[in-house]
Amino acid sequence: MHSPDESTPKALKISQRDNVGTLISDVSAGQQVDILLSDEPIALITAQEPICTAHKIALCKINKGEAILKYGECIGQATLDIPTGFHVHVHNIKSLRGKSSHE
């Protein structure tokens, strides 16, 4: 396990199931990001592009069509492959809100 550094940007992983983290500060491309679960550092990943505070970062490769998991729940579906460390937002996911399970 790595030692957390106060100057390293951080992202929160809410549930063990999540494949995205929520940034608690802005990051630049190439910056290392500490991933925290219940305030404990669990991983260190590299941001591949600038991402703003409160936006999502992919914690692992998410394949096109795969569920986006936050809070341990599906919040959408990837519309294209999203590599680790990339921004996860409306440009690469579609909401499943209001969709029935048989649509």
Side-chain angles (χ1 to χ4, degrees):
M1 182 62 60
H2 68 281
S3 298
D5 178 343
E6 288 301 315
S7 65
T8 303
K10 295 172 179 47
L12 302 177
K13 182 176 179 179
I14 309 301
S15 166
Q16 193 71 299
R17 292 184 44 181
D18 294 352
N19 56 10
V20 297
T22 303
L23 289 164
I24 58 174
S25 61
D26 292 350
V27 298
S28 302
Q31 264 190 305
Q32 295 289 294
V33 179
D34 261 320
I35 308 305
L36 306 175
L37 177 66
S38 301
D39 292 331
E40 294 296 322
I42 59 167
L44 189 65
I45 65 172
T46 302
Q48 299 301 312
E49 58 187 332
I51 308 171
C52 296
T53 302
H55 283 239
K56 296 173 291 302
I57 188 170
L59 302 178
C60 58
K61 182 179 185 230
I62 303 169
N63 295 312
K64 180 178 179 178
E66 192 174 338
I68 305 296
L69 301 173
K70 183 176 177 183
Y71 317 111
E73 301 294 328
C74 177
I75 63 164
Q77 183 178 49
T79 57
L80 48 91
D81 290 343
I82 308 170
T84 303
F86 275 82
H87 189 198
V88 178
H89 199 53
V90 297
H91 66 285
N92 55 13
I93 66 173
K94 69 175 178 180
S95 175
L96 300 177
R97 188 182 334 201
K99 307 282 188 216
S100 68
S101 60
H102 54 21
E103 284 185 43

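Not measured: the values here are computed from a predicted model.
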Side-chain heavy atoms of Asp34 within contact of Pro9, under 4.5 Å: no
Distance in Å, Ile82 CD1 paired with Lys56 NZ, rounded so as to fall on 0.5 Å steps: 9.5 Å
Heavy-atom pair of closest approach, residues Val20 and Lys70: CG2-CB, 3.9 Å
More than 12 heavy atoms of other groups within 6.0 Å of Asp39 CG: no
Thr8 and Gln32: side chain donor to acceptor below 3.5 Å: no
Validation row: Ile68, Asn19 side chains within 4.5 angstrom (heavy atoms): yes
Whether His89 and His87 hold their rings parallel, tilted or perpendicular, with breakpoints at 30° and 60°: parallel
Pairwise side-chain contact, Ile93 with Ile62, heavy-atom cut-off 4.5 Å (strictly under): no
Check: Lys13 and Leu59 side chains under 4.5 Å, non-hydrogen atoms: yes
Heavy-atom closest pair, residues Ala67 and Cys74: CB-SG, 3.8 Å
Common cluster, Leu37/Leu69, ILVMFWY with side-chain heavy-atom separation under 4.5 Å: no
Side chain Glu49, main chain Ala29, donor-acceptor under 3.5 Å: no
Donor + acceptor pair across side chains of Lys10, Ser25 (<3.5 Å): no
Nearest non-hydrogen partners of Val33 and Ala47, listed with the distance: CG2-CB, 4.2 Å
Exam field: side chain Asp18 to backbone Tyr71, donor-acceptor pair closer than 3.5 Å: yes
Interatomic distance, Lys94 atom NZ to Ile75 atom CD1 [nearest 0.5 angstrom]: 14.5 Å
Donor-acceptor under 3.5 Å (Ser15 side chain, Arg17 main chain): yes
Minimum side-chain heavy-atom gap Thr53-Leu23 below 4.5 Å: no
Polar side-chain atom of Thr84 near backbone of Lys61 as donor-acceptor pair, under 3.5 Å: yes
Exercise: do Asn92 and Thr79 side chains pair donor with acceptor under 3.5 Å: no
Separation of Leu36 CG from Ile24 CD1 (nearest 0.5 Å): 6.0 Å
Ile45 vs Ile57 side-chain heavy atoms within contact, under 4.5 Å: yes
Separation between CG of Asp26 and NE2 of His55, rounded to the nearest 0.5 Å: 9.0 Å
